[in-house]
K.L.:
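Structure provided below as structure tokens; questions to follow.
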Amino acid sequence: MLSENVAALLNQQVNKEFYSAYLYLDFSNYFEARGLDGFANWYKIQAQEERDHAMLFYQYLQNNGAKVTLEAIAKPDKALNSDMDVLKAGLEHELYVTSLINELYAAAYAEKDFRTMQFLDWFVKEQGEEETNANNLISKMELFGSDPKSLYMLNSELAGRAYSAPSLSL
Ligand code: FEO
């Protein structure tokens, strides 16, 4: 049985993950308009992963007898004025999501809700990977972004990202 507080935070996370998908779709849209189809692909796949995250929280709530309430998804509100703006907004967003997961974990810990803690373990690890990916993109852009040939190569590398389903299933 989930406590009211943990269930409310898990429900909020469904919305936050769908928002993440929406935000990354906006990033993809930005790069599509720039003609950088590899970057657009990378963020489109990122959006797909975020929808998977949302569905994991959704399913976890349902599996534990809690009703899911779907709220409105906010409009992506990051100012995207340059390629680097987008990449930095991505890192900033992932740091925010990490803080939400930590908050959730702390709430589950306070309730001795070991099942939810175990479920969240996957997300704790995932957030580490997401932050690393966002940092790596920024580093590569800092190194190569100002040279058109290098940017072309980086774009080609990101075009190779393929979707894979999350390693966690419920
Ligand atoms: Fe679902 Fe990128 O955190």
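Along the sequence shown, residues carry numbers from 1. Both ligands and their constituent atoms are indexed starting at 1 by order of listing.
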K.L.:
Pull up every protein N/O/S atom sitting under 2.8 Å from atom 1 (Fe) of ligand 1, skipping waters.
P.N.:
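Listed by chain and number, the nearby protein N, O or S atoms are E17 OE1, E50 OE1, H53 ND1.
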
K.L.:
Hey, can you tell me if Y60 and F119 have their rings parallel, tilted or perpendicular (30° and 60° cut-offs)?
P.N.:
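If you compare the ring of Y60 with that of F119, the planes turn out parallel.
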
K.L.:
Other hydrophobic cluster members with M153, side-chain heavy atoms of Ile/Leu/Val/Met/Phe/Trp/Tyr under 4.5 Å, chained?
P.N.:
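None, because no other hydrophobic side chain comes under 4.5 Å of this residue.
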
K.L.:
Under 3.5 Å, is there a donor-acceptor pair linking the side chains of N63 and Y58?
P.N.:
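No.
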
K.L.:
Would you call the rings of Y96 and H93 parallel, tilted or perpendicular, where under 30° means parallel and over 60° means perpendicular?
P.N.:
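Answer is tilted, since the angle falls between 30° and 60°.
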
K.L.:
For Q46 and E130, test the side chains for any donor-to-acceptor distance below 3.5 angstrom and give the result as yes or no.
P.N.:
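Checked: Q46/E130 side chains pair up, N/O donor to acceptor below 3.5 Å.
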
K.L.:
For N5 and A107, work out which heavy atoms get closest and say how close.
P.N.:
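Heavy atoms only, the tightest pair is ND2-CB, 3.9 Å.
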
